[in-house]
> 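Could you have a look at this structure, given as structure tokens, before my questions?
Atoms within a ligand are numbered from 1 in the order they appear, just like the ligands themselves. Below, all heavy atoms of this structure are taken into account, side chains as well, without hydrogens, waters or symmetry copies.
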Amino acid sequence: MTHDNENLDPENPQQEAHEEGPVDRLIKTLWRSPLGVLGVAITTISITLMLIGTAVDLLGLMDNPYAALVIYTVLPVGMLFGLALIPVAVFLRRWRWRKTGIDTDHLQINLSNPKHRIGLIAFISLSAVNVAILIVIGYEAYHFTDSSYFCGKVCHTVMEPEYVAYQRSAHSRVACVACHIGPGAQWYVQAKFSGLRQVKAVLQDSYSRPIPAPVHELRPARDTCEQCHWPDKFHGKKIKRFVSFTNDDQQNPDINEIALHIGGHNPETNDFEGIHWHVSREVEVSYLAVDEKRTQLAKVKVKRPNGTVDEFVKSDIEIPEGEELHWRVMDCIDCHNRPTHVYQMPEERVDFGLLSKKINPDIAGIREDSLTVIMKEYESRELAEESIISDLLYLQKQRDPEQAEQYREDIIKAGQFLTEAYRGNIWPAMGIKWGTYMEHLGHQYADEGYGCWRCHDEEHENKSGETISQDCGICHDEP
Ligand code: HEC
Ligand code: HEC
Ligand code: HEC
Ligand code: HEC
Ligand code: HEC
């Protein structure tokens, strides 16, 4: 089909130079319009920059999320756009083709023509190179947009608090996507779409400050946390030590040591026991919360391993009428709501400072003054950084000018520690203050409605008048 020798009519000048057949002209001239040249230029520039950028990134020489964003999203789109321009240019130029009167019947690729062969080989290999480049870049782009670095850094102002808190947690080596997306293509796609909505909210400056917690559309823990932790794992007891000071005694800490009955599946008795009983396979605890924050629980339902169902009701919580309220099955997040975005409390930081002697406990009144300066509401982080040390010096001078002079160096050191504590927890621009995000893991903040005592309050009653126990001994004892 390609060997059409009868077409080689020596009388016909157009066919005499048989290299100049229609295909040659197609290759040679048709795309050479300004648009076609632009397409080739864009493609070439995009590919070159992409290859250089990827090499620099893979060598670890790049520390800028925006540069990576350009390499893995803007440039590949540029490359595809440039490639698409070439056929468009050809299409727009086809009138010239018709004008020269070339018969499209002769538009044949002739493999015995070396130029055609080279052209075809060049076309196939260039396409293969392009496809290979796109696959490599696509793979890198997939990893990049799934990296904690991307999640935490690209949208810097919005994500900085979560990223900072994450970096000091036990999960700082677990990718954001392991908890926020989890396995499976459906959730991946859903997450990218919700990501686009979030980009829109950021561009329109319409996102909430602070970002509300709990996150209601979080993927169930069964699909995320349980990829790495499983409730059947027996943890036994865990001893925890709590150290605190008071304003009256900065030298001798109160020490509470407790042995938490974390429990799990006990391999000896084959029973589920202790704190992780709530998430064992045979048990289902669910609750009806009347507020967004899930702190007011009107009803609690338990399905026990023997199949019986029990319901505990707290009669003084009113269930708002006509409102859609959902029962929620308790999972890891109902206790571990801060597994990685761990915000600290001011007393916790100041007491740690005293314990580690970063705040010198010999300075009278330093605990009280430290709490005053870090709990003050500064308008911005910059203002706090400028003020904390001088505010502390000022308070100490008010208290005792002689002492302030004597301990000046130590007060400045304490101020630096407090500035760090502030910087690690407070973001006025995002509406994050002390206690914006609190933890459910114990009962230190039971007064604010957080922790185990949301249910274990001796006020949720079942039909026979039994309550969910607050007996200290079920949860922990002395080690
Ligand atoms: C170990 C699991 C885990 C990892 C890893 C993780 N998160 Fe989270 N994240 C959570 C949970 C659980 C919540 C929901 C907290 C709640 O509902 O109270 C959350 C909440 C959030 C919120 C809402 C605000 C808040 O603090 O509640 C943002 C924003 C967020 N995560 C961003 C990130 C980013 C960015 C990363 C990576 C740098 C990341 N997360 C890594 C588990 C995780
Ligand atoms: C990709 C694996 C992975 C995922 C997903 C994951 N974790 Fe972890 N988690 C770990 C590792 C690893 C550690 C141990 C870190 C260490 O010992 O320093 C850990 C530690 C913990 C601890 C002990 C923390 C501490 O401060 O001592 C808790 C609690 C925990 N994870 C809960 C969760 C919860 C809740 C989720 C889901 C929101 C979750 N994890 C998701 C890997 C994971
Ligand atoms: C009823 C509340 C509750 C639920 C639900 C819960 N946990 Fe825990 N978990 C705790 C408490 C309390 C501790 C110990 C607190 C601490 O270490 O500060 C703990 C400790 C842990 C630890 C650390 C164990 C160790 O030895 O250090 C891991 C890991 C963990 N939980 C994972 C999970 C996972 C995964 C789920 C969901 C399947 C889950 N937990 C559900 C309350 C709960
Ligand atoms: C949503 C409600 C709810 C929350 C929140 C809750 N629990 Fe429970 N818990 C229950 C119910 C219901 C029972 C079963 C009561 C019964 O059997 O009478 C229970 C039972 C227990 C038991 C006994 C389990 C056994 O071995 O039989 C322990 C221990 C326990 N909870 C610890 C905790 C701890 C620690 C926390 C906080 C980190 C917590 N619970 C938070 C509802 C809750
Ligand atoms: C439903 C379970 C539960 C019950 C009931 C319970 N606790 Fe706790 N308690 C916890 C957990 C969980 C922690 C650990 C919190 C953490 O890891 O931050 C804790 C921590 C503590 C601490 C150390 C925290 C601190 O601020 O010093 C003390 C003290 C304490 N409990 C005392 C008690 C006393 C007293 C009772 C009985 C009236 C009691 N608890 C009942 C679950 C419980």
Side-chain angles (χ1 to χ4, degrees), residues 148 166 168-183 215 218-242 258-266 269 271-281 283-289 294-305 308-314 327-342 439-444 446 449-458 460-462 464 466-477:
S148 301
Y166 155 89
R168 60 174 174 242
S169 83
H171 290 111
S172 58
R173 296 289 178 276
V174 174
C176 316
V177 294
C179 295
H180 286 286
I181 303 180
V215 179
L218 202 71
R219 188 165 178 187
R222 188 127 297 188
D223 301 337
T224 54
C225 317
E226 290 189 26
Q227 297 286 316
C228 299
H229 308 282
W230 49 103
D232 285 25
K233 175 90 183 67
F234 186 66
H235 290 284
K237 286 192 185 184
K238 178 177 179 181
I239 294 173
K240 260 191 122 167
R241 193 160 180 255
F242 296 84
I258 56 173
L260 286 158
H261 304 166
I262 298 181
H265 185 244
N266 188 334
T269 61
D271 285 334
F272 255 101
E273 56 184 52
I275 298 173
H276 283 148
W277 164 88
H278 307 76
V279 285
S280 67
R281 298 256 174 256
V283 171
E284 188 183 282
V285 179
S286 46
Y287 63 81
L288 187 71
R294 299 183 186 145
T295 53
Q296 299 291 315
L297 312 186
K299 294 179 179 178
V300 179
K301 203 166 17 190
V302 195
K303 272 192 210 139
R304 297 180 197 281
T308 56
V309 177
D310 207 353
E311 191 169 296
F312 298 87
V313 179
K314 188 166 179 180
W327 282 88
R328 177 179 155 83
V329 176
M330 196 173 177
D331 71 15
C332 318
I333 306 300
D334 290 292
C335 297
H336 297 284
N337 63 328
R338 300 273 126 210
T340 195
H341 310 293
V342 192
E439 189 163 57
H440 281 311
L441 216 51
H443 45 79
Q444 290 99 317
Y450 285 82
C452 316
W453 291 2
R454 284 172 299 162
C455 297
H456 290 267
D457 59 356
E458 306 283 1
H460 286 78
E461 261 184 27
N462 68 4
S464 18
E466 289 159 342
T467 55
I468 306 176
S469 173
Q470 205 178 74
D471 177 2
C472 322
I474 65 165
C475 298
H476 49 73
D477 52 25

> At under 4.0 Å between heavy atoms, is it the side chain or the backbone of D310 that contacts ligand 4, or both, or neither?
neither

> Can an N, O or S atom be found in H229 less than 2.8 Å away from atom 8 (Fe) of ligand 2?
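So H229 does bind atom 8 (Fe) of ligand 2 by this criterion.
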
> State the atoms of ligand 3, each with its element, that fall below the 4.0 Å cut-off from a heavy-atom position in K238.
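That gives atoms 16 (C), 17 (O), 25 (C), 27 (O) of ligand 3.
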
> List every atom of ligand 2 that sits less than 4.0 Å from any heavy atom of C225, numbering the atoms from 1 in the order shown and giving each element.
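Those atoms are 34 (C), 35 (C), 36 (C), 37 (C), 38 (C), 39 (C), 41 (C).
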
> Under 4.0 Å from a heavy atom of T224: which atoms of ligand 2 are those, numbered in the order shown and with their elements?
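In order of numbering, the contacting atoms are 5 (C).
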
> List ligand 3 atoms under 4.0 Å from C335, heavy atoms only on the residue side.
1 (C), 2 (C), 3 (C), 4 (C), 5 (C), 42 (C), 43 (C)

> Under 4.0 Å from atom 38 (C) of ligand 2, is there any protein heavy atom?
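For atom 38 (C) of ligand 2 the answer is yes, since some protein heavy atom falls inside 4.0 Å.
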
> Enumerate the atoms of ligand 4 whose separation from the nearest heavy atom of Y287 is less than 4.0 angstrom.
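Close to Y287: 1 (C).
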
> Report yes if some heavy atom in the side chain of V279 is under 4.5 Å from a heavy atom in the side chain of M330; otherwise report no.
no

> With the side chain counted from C-beta on, respond yes when H440 and D334 share a heavy-atom pair under 4.5 Å apart, and no when they do not.
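No; the side chains remain at least 4.5 Å from each other.
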
> Could you tell me the residue and atom name of the protein heavy atom closest to atom 22 (C) of ligand 3, and the distance to it rounded to 0.1 Å?
H276 CE1, 4.3 Å

> Which heavy atom of the protein is the closest neighbour of atom 25 (C) of ligand 4, given with residue, atom name and distance?
W277 CG, 3.9 Å

> What protein heavy atom sits nearest atom 12 (C) of ligand 4, and how far away is it?
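For atom 12 (C) of ligand 4, the nearest protein heavy atom comes out as V302 CG2, 3.3 Å.
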
> Could you identify the single nearest non-hydrogen protein atom to atom 34 (C) of ligand 3 and state the distance to 0.1 Å?
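In this structure, atom 34 (C) of ligand 3 has C332 SG, 3.4 Å as its nearest protein heavy atom.
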
> Does atom 42 (C) of ligand 3 have a protein heavy-atom neighbour under 4.0 Å away?
yes

> Determine whether any heavy atom of D334 lies closer than 4.0 Å to an atom of ligand 3.
no

> Between the side chains of E226 and R281, is the shortest nitrogen-to-carboxylate-oxygen separation below 4.0 Å, so that they form an ion pair?
yes

> Using a 4.0 Å cut-off to any heavy atom of C455, which atoms of ligand 4 qualify?
1 (C), 2 (C), 3 (C), 4 (C), 5 (C), 42 (C), 43 (C)

> If you apply the rule side-chain hydrogen bond (donor to acceptor under 3.5 Å, both in side chains), what do you find for Y450 with N337, and how did you get there?
CA-CA 10 Å; Y450 285 82; N337 63 328; over 6 Å; no

> Would E226 count as being in polar contact with ligand 3, using the rule that some N or O on each side must be under 3.5 angstrom apart?
no

> Does the protein put any heavy atom within less than 4.0 Å of atom 3 (C) of ligand 2?
yes

> Please state which part of H171 comes within less than 4.0 Å of ligand 2, counting heavy atoms only: side chain, backbone, both or neither.
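Only the side chain of H171 comes within reach of ligand 2.
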
> Is there a side-chain contact between I275 and H476 in this structure, where contact means two heavy atoms from C-beta onward sitting under 4.5 Å apart?
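Contact flag for I275/H476 side chains = no.
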
> With only distance considered, is R304 within less than 3.5 Å of ligand 4 through an N or O on each side?
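Such a contact does occur with ligand 4.
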
> Strictly under 2.8 Å, is any N, O or S atom of C452 next to atom 8 (Fe) of ligand 4?
no

> Suppose I only count heavy atoms of C228 and a 4.0 Å limit; which atoms of ligand 2 are within that range?
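Close to C228: 1 (C), 2 (C), 3 (C), 4 (C), 5 (C), 42 (C), 43 (C).
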
> Check each atom of ligand 4 against the heavy atoms of G274 and keep those under 4.0 Å away; list them by number with element.
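Close to G274: 24 (C), 26 (O), 29 (C).
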
> Measure from atom 30 (C) of ligand 4 to every heavy atom in H278, E311, R328 and give the option owning the shortest one.
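The nearest heavy atom belongs to H278.
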
> Considering heavy atoms of the protein only, find what lies nearest to atom 23 (C) of ligand 2 and give residue, atom and distance to 0.1 Å.
A170 CB, 4.8 Å

> For ligand 3, indicate whether the residue H336 contacts it via side chain, backbone, both or neither (heavy-atom separation under 4.0 Å).
side chain

> Should you measure from each heavy atom of C475, which atoms of ligand 4 turn up under 4.0 Å away?
32 (C), 35 (C)

> Check each atom of ligand 4 against the heavy atoms of I468 and keep those under 4.0 Å away; list them by number with element.
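By the 4.0 Å cutoff, the relevant atoms are 10 (C), 11 (C), 12 (C).
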
> Of the side chain and backbone of H261, name the one, both, or neither that has a heavy atom under 4.0 Å from an atom of ligand 4.
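For H261, no heavy atom sits under 4.0 Å from ligand 4.
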
> Look at the rings of H341 and H180 and say which category their plane angle falls in: under 30° parallel, 30 to 60° tilted, over 60° perpendicular.
tilted

> Check whether any protein heavy atom sits under 4.0 Å from atom 14 (C) of ligand 2.
no

> If you count the atoms of ligand 2 from 1 in the order shown, which ones are under 4.0 Å from a heavy atom of I333?
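Checking each atom against I333, I get 38 (C).
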
> Can you check atom 17 (O) of ligand 2: any protein non-hydrogen atom closer than 4.0 Å?
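No, no protein heavy atom sits under 4.0 Å from atom 17 (O) of ligand 2.
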
> Can you name the atoms of ligand 3, numbered from 1 with element, that are less than 4.0 Å from a heavy atom of M330?
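Ligand 3 atoms under the 4.0 Å threshold to M330: 1 (C).
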
> Heavy atoms only, cut-off 4.0 Å: how does D331 contact ligand 3, side chain, backbone, both, or neither?
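Backbone only.
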
> Ligand 4 and H456, any nitrogen or oxygen pair closer than 3.5 angstrom?
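Such a contact does occur with ligand 4.
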
> Check the orientation of H456 and H278. Use parallel for under 30°, tilted for 30 to 60°, and perpendicular for over 60°.
perpendicular

> Which ligand 3 atoms are under 4.0 Å away from a heavy-atom of H235?
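Contacts of ligand 3 toward H235, numbered from 1: 24 (C), 25 (C), 26 (O).
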
